[in-house]
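Shown next, in structure tokens, is the structure this report addresses.
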Amino acid sequence: MGTEVKELLLERDEPPGSLNWNSWRWQLRNAVRNAETLEKIIPLNSEQKQSLSKVIAKYPLAITPYYLSLIDRNNPQDAVRMQCVPSAEEMKLYFEMHDDPLGEEDDSVLPGLIHRYPDRVLLVLTNMCPVYCRHCTRKRQWCKGNWISRPKELENTYRYIEMHTEIRDVILSGGDPLILSTAMLEGVLSRLRQIRHVEIVRIGTRCPVVLPQRIDAELVAMLKKYRPLWVNTHFNHPNEITKESARAADMMLCAGLALNNQSVLLKGINDSVEIMTRLCQRLLGIGVRPYYLFQCDPVSGTAHFRTSVEKGIEIIRAMRGFTSGLCVPTFVVDGLKGQGKVPLAPNYLVSKEDNYMLLEGYEGKRFKYYNPED
Ligand SMILES: *Cc1c(COP(=O)(O)O)cnc(C)c1O
Ligand code: SF4
């Protein structure tokens, strides 16, 4: 397998666009999962080479040939590379960082079922992903060996959701749920659809970004039957918007699925007004609405990706008003220990007095605004 990937990327025996390249199963089978293969494809300095095996032993490696092909091999700071190539920084321990800072394990009512908010649940069907993002909030789960929910566990999940009639939104998350076979996914969706009070189902997936080949005619024909379905994806950088990802998005749009994006604010990758604006504009261009921009959680092994919280607010301030409102995501910090998402926005309300407010426009000019009483 190793040499195949090497040939692929260096000698183009299997050029992008060929039959095999376009098969998602081939992409998964040929994902780079060990240090030796990665070293042959991506130039690493001796320090990086030395730490690679150790990092991978703690936080496994997986990169699809497609995602690898987006990397500029000559740029150590490449935005795609930094998201998927392990770094020695992941081994550093910090007092403020935890394996599970959001308290997901505590909010799990069953294995893989997180019920934190009143009317929605998050259902983790597997811990596997086509690419392991180095900034992943759930990287604690990678070392537990690959797993997929068993039928018996799923039955318990369905029973829980059936009993809790307040649940009107089920979010399939991961791991990446689209790594499952179309048949298994259909089993889950059809079963959830039988529950009267489940109004919508969402699928959180990074496949459109890292394995767009997964979005094929068979999959979208199946998904189409279970609308309303909301697909949340995870683009972080404009370089991830390619012909292939645009095609994947278009196929889902044509099947009547709604597409939203959740980005993570990542130091040195997308923490600038210019890059974030370009990303969000291009997302709209392929029919994907920017939904959330997340502050990177204090998860062990991700400290080097974290920016200040102010950075996110600053980026939103520089976007709002200056470009299409549809482009502007909500910046959120996920609260520790199950406190939930906290939206943080620039403050445009300067002061209040009697029946007047002093507001600040997007260009920074202040003006008085008459504020009627209720
Ligand atoms: C983010 C999240 C949700 C969904 O939140 P929305 O704001 O509705 O998108 C649901 N459950 C958990 C545990 C979450 O982390
Ligand atoms: S696709 Fe999502 S769940 Fe999977 S590694 Fe990346 S961030 Fe984590």
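When a ligand or atom number is given, it counts from 1 through the structure's own listing order.
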Report the residue from T137, L336, D100 that forms a side chain to side chain contact (heavy atoms under 4.5 Å, CB included) with D297.
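When T137, L336, D100 are each tested with D297, the side chain to side chain contact (heavy atoms under 4.5 Å, CB included) holds only for T137.
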
Between [Y] and [X], is there a salt bridge with N-O shorter than 4.0 Å?
X    : Y    : answer
R306 : E96  : no
R206 : D176 : no
R247 : E244 : no
E36  : K40  : no

Mark up the atoms of ligand 2 that fall under 4.0 Å of a heavy atom belonging to W142, in ascending order.
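The atoms of ligand 2 under 4.0 Å from a heavy atom of W142 are 5 (S).
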
Parallel, tilted or perpendicular: rings of W142 and Y132 (30°, 60°):
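Ring orientation, 0 to 90° scale: tilted.
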
Does the structure place the NZ or CZ of R202 under 6.0 Å from the centre of the six-membered ring of W230, at an angle of no more than 45° from the ring's axis?
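Judged by the rule (NZ or CZ under 6.0 Å from the ring centre, within 45° of its axis), R202 is not positioned above W230.
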
Can you check side chain to side chain contact (heavy atoms under 4.5 Å, CB included) on E186 and K225, steps first, answer last?
CA-CA 9 Å; E186 174 153 31; K225 294 191 268 176; 2.8 Å; yes

May I have the step-by-step check of side chain to side chain contact (heavy atoms under 4.5 Å, CB included) for I56 and N34, ending in yes or no?
CA-CA 8 Å; I56 293 176; N34 60 60; 5.9 Å; no

Residue shell around ligand 1, heavy atom under 4.0 angstrom
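Its neighbours under 4.0 Å (heavy atoms only) are I114, R116, Y117, R120, L122, I171, R202, Y291, Y292, K341, given by chain and number.
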
E90 and its side chain to side chain donor-acceptor pair (under 3.5 Å) partner, picked from K58, K139, H304
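Only one option passes, and that is K139.
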
Enumerate the protein N/O/S atoms at a distance below 2.8 Å from atom 4 (Fe) of ligand 2, ignoring waters.
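Listed by chain and number, the atoms are C129 SG.
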
